[in-house]
Number of protein chains: 2
Amino acid sequence: MTVPRMTPPTAVSATATSGTWPAAPTMMASALAPPECGHHAPLLLHPIVRKLAAFGPLSAAEEEALADLGAGAQCVEGRQNLVTEGAAPDHAVLIVEGVACRYRHRPNGARQITGHLLPGDLCDPDLVHLGRMNHSIGTLGPCRVARVPGEVLAGLTARHPGIARALRLAKLAEEETTREWLMNVGCRSAIERVAHLLCELHARLGTVGWATRAGYDLPLTQQDIADTAGLSNVHVNRVLRQLRLMRLVEVGGRRVDVLDRAGLRRVAEFQDGYLRPTGA
Amino acid sequence: MTVPRMTPPTAVSATATSGTWPAAPTMMASALAPPECGHHAPLLLHPIVRKLAAFGPLSAAEEEALADLGAGAQCVEGRQNLVTEGAAPDHAVLIVEGVACRYRHRPNGARQITGHLLPGDLCDPDLVHLGRMNHSIGTLGPCRVARVPGEVLAGLTARHPGIARALRLAKLAEEETTREWLMNVGCRSAIERVAHLLCELHARLGTVGWATRAGYDLPLTQQDIADTAGLSNVHVNRVLRQLRLMRLVEVGGRRVDVLDRAGLRRVAEFQDGYLRPTGA
DNA sequence: TTTCCGGACTATCATTTGTTATATTGCTTG
DNA sequence: CAAGCAATATAACAAATGATAGTCCGGAAA
């Protein structure tokens, strides 16, 4: 059977200035290679290495151990559950490629997405404490994911203090992100919410090499954005049109083109500090 | 949409004002004997003992060690900051009595409350990881709070595995609660949001002995509820009147009288499972 | 190719919620 | 006691957002 893959990041146009943006297109292209041949590629190409390295220095052995986590990654189509509400998983899930989310449904069918899982995200790092999940985790677009048994994870953190520390900081960042979403939904207007969401995705995908300064590929439908921001799909459409008319960002065809990053951030009041908590 | 209307950020008061506590007597009268009235009182009267014991068995030594945390508690008036955004605290804060919250302001003055801190709540148990806070913590009504130095906390968890485990579960419960709030604000109607909030407070205060089946004392203003639920104060007033007319709950005079607990929970679709995660 | 279908898009209308303004109440303070 | 302040209450109006319905488009399947 055919296995769905993510659209690879589009090559940067010749006019694009490198600037301060971390990702290089050639690196991203090779990141798409199957994980089996990954031992020749720089370890930083593995999204989880890139993500955790941003929280503090990792030893070479730690980077290698992290990269190994993605070795057995499998392809999953969009709209599939990875972990279902009520289950008591004995493994964590590492997103190697694609976008997944945490979500829950109300009895009336309404869905609320409570978190996005992007390449390099590991959930849940402390599943040992968790009896049964009270929300589900599912893919939004096609993904490559690796299941990490609890014992493997425990051994990893026991042996590598740098990884343990980075995972704690990553967890903290996730908590802060949830609070930021609450801020978003609780007291920002529709256009501000959507703008903020697009900024956040830009920043997060950027640190793992899946976004350029010009934009990023995004498998979310307008309904997915609506369920994230607490809006209706129709209103999300209205807001996206407005953002397009304001020459800030164009969203369509599973692609987000950021025309005016500064302007978008201004509308969203976006401050990216919450994504990078610093250790004490 | 939301226009400047808020009271300015509360003035910071690093000085722990001790002594007077305006509304104290009435709060204590119905529910419990005052927890501070002595070393002779059963340890379960200490809210943090009650709260953590709900997550799993604690040894007598552990209960005693926990009860000691509240020994040096000081009185703080309402509307005072305990920790201010941008600070890098070296201590955790234990709420012994009263209600506090995590919150942030938007530049336009709008405030979003992202969490409630009730008696027995300890924040943040893992402050070691935290560089600077990107939200503030402040009292909503008069409180008694104890500051717990990081070293004390570290020693406590190192020496008492039962406490360490309970604190981890409590942290997990807090995360689940934040997600539940996101669900609330993101996809429930105004009346459902307020009903859900009242149910949650009832359940949480109940486990630490500050609520009876009939209701509980609550120092929140309607504006505070509004800032929690992502509504305007006027609309909160409308909703509270509706809940009163439906004979579900009466809120007023710093008091919540629950007339029909089952009915209120039905309106809110309240499931309290998220408050008590089970260990694996 | 044609058909089918999900997603994007738009228009119109309905409704919830926010805004502004003004009393009122109760408590604190002078 | 009166004055002042904060919180509550309510009304009238405005704005933001949701609901419904339908078209259009592009990719997948027959």
Side-chain angles (χ1 to χ4, degrees), chain A residues 1-2 4 7 77-79 106 108-112 140-142 184-195 218-245 250-257, chain B residues 1-8 10-11 20-26 77-79 106 108-112 140-142 184-195 218-245 250-256:
Chain A
M1 108 187 211
T2 64
T7 1
E77 300 177 27
R79 318 270 135 191
R106 286 186 57 183
N108 72 5
R111 176 179 64 158
Q112 178 67 41
L140 288 173
N184 219 20
V185 175
C187 67
R188 283 199 254 255
S189 71
I191 191 172
E192 291 165 336
R193 290 184 216 180
V194 172
L218 188 72
L220 303 212
T221 66
Q222 293 183 356
Q223 182 67 60
D224 293 330
I225 297 175
D227 292 344
T228 300
L231 299 168
S232 69
N233 54 354
V234 175
H235 203 59
V236 166
N237 186 286
R238 279 196 273 255
V239 161
L240 290 180
R241 177 181 40 180
Q242 195 177 346
L243 287 170
R244 191 180 336 117
L245 292 177
E250 293 183 354
V251 180
R254 331 241 101 168
R255 170 81 194 163
V256 175
D257 285 303
Chain B
M1 64 183 272
T2 348
V3 221
R5 51 158 166 84
M6 274 299 306
T7 57
T10 61
T20 65
W21 188 14
T26 43
E77 300 176 27
R79 318 268 136 192
R106 286 186 56 183
N108 73 5
R111 177 180 65 161
Q112 178 66 42
L140 288 173
N184 220 20
V185 176
C187 66
R188 283 199 253 256
S189 70
I191 191 172
E192 291 166 337
R193 289 184 216 181
V194 173
L218 188 72
L220 303 213
T221 66
Q222 293 182 356
Q223 183 68 62
D224 293 330
I225 296 175
D227 292 343
T228 300
L231 299 168
S232 68
N233 55 353
V234 175
H235 203 59
V236 166
N237 186 286
R238 281 195 274 254
V239 161
L240 290 179
R241 176 180 42 180
Q242 195 178 346
L243 287 170
R244 191 181 336 118
L245 292 177
E250 292 182 355
V251 180
R254 332 240 100 168
R255 170 82 193 164
V256 176

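Bear in mind that the values here come from a model prediction, so they are computed numbers and not experimental data.
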May I have the distance from [X] (atom [atom1]) to [N] (atom [atom2]), rounded to whole angstrom?
X        : N      : atom1 : atom2 : result
A/Glu77  : D/dG27 : CD    : C1'   : 16 Å
B/Leu240 : D/dT8  : CG    : P     : 9 Å
B/Ile225 : D/dA6  : CD1   : P     : 19 Å
A/Asn233 : C/dG7  : CG    : P     : 11 Å
A/Gln222 : C/dT10 : CD    : P     : 10 Å
A/Leu245 : C/dC9  : CG    : P     : 12 Å
B/Arg188 : C/dT16 : CZ    : P     : 18 Å
B/Ile191 : C/dT15 : CD1   : P     : 17 Å

Exercise. Under 4.0 Å between a side-chain N/O of A/Asn237 and OP1 or OP2 of C/dC9, yes or no?
Worked result: yes
Exercise. Would one find a side-chain N or O of A/Gln223 under 4.0 angstrom from OP1 or OP2 of C/dG7?
Worked result: no
Give the minimum heavy-atom separation between [X] and [Y], together with the two atoms involved.
X        : Y        : answer
A/Pro219 : A/Gly141 : CB-CA, 3.7 Å
B/Gln222 : B/Leu240 : NE2-CD1, 3.8 Å
B/His235 : B/Arg238 : ND1-NE, 2.8 Å
A/Arg193 : A/Leu231 : NH1-CD2, 3.6 Å

Exercise. Contact class for A/Leu231 (heavy atom, under 4.0 Å): base, sugar-phosphate, or nothing?
Worked result: sugar-phosphate
Exercise. Contact class for B/Gly230 (heavy atom, under 4.0 Å): base, sugar-phosphate, or nothing?
Worked result: sugar-phosphate
Exercise. Considering only heavy atoms and no angle criterion, is a donor-acceptor pair shorter than 3.5 Å present between the side chain of A/Arg79 and the base of C/dG6?
Worked result: no
Out of [options], which has the shortest distance to the side chain of [X]?
X        : options                : answer
A/Arg244 : C/dC9, C/dG7, D/dT20   : C/dC9
B/Thr221 : D/dA11, D/dT8, D/dA19  : D/dT8
B/Ser232 : C/dT20, C/dG18, D/dA19 : C/dG18
A/Arg238 : D/dT10, D/dA19, D/dT8  : D/dA19
B/Arg241 : C/dT19, D/dT17, D/dT10 : D/dT10
A/His235 : D/dG18, C/dA21, C/dC9  : D/dG18
B/Ser189 : C/dT19, C/dC9, C/dT17  : C/dT17

Exercise. Looking at side-chain heavy atoms only, is the closest gap between A/Leu243 and A/Val194 below 4.5 Å?
Worked result: yes
Problem set entry | Residue whose nearest DNA chain C nucleotide is more 5′ - A/Leu220 or B/Arg193 | A/Leu220
Problem set entry | Pair A/Asp257 + A/Arg244, salt bridge at N-O below 4.0 Å | no
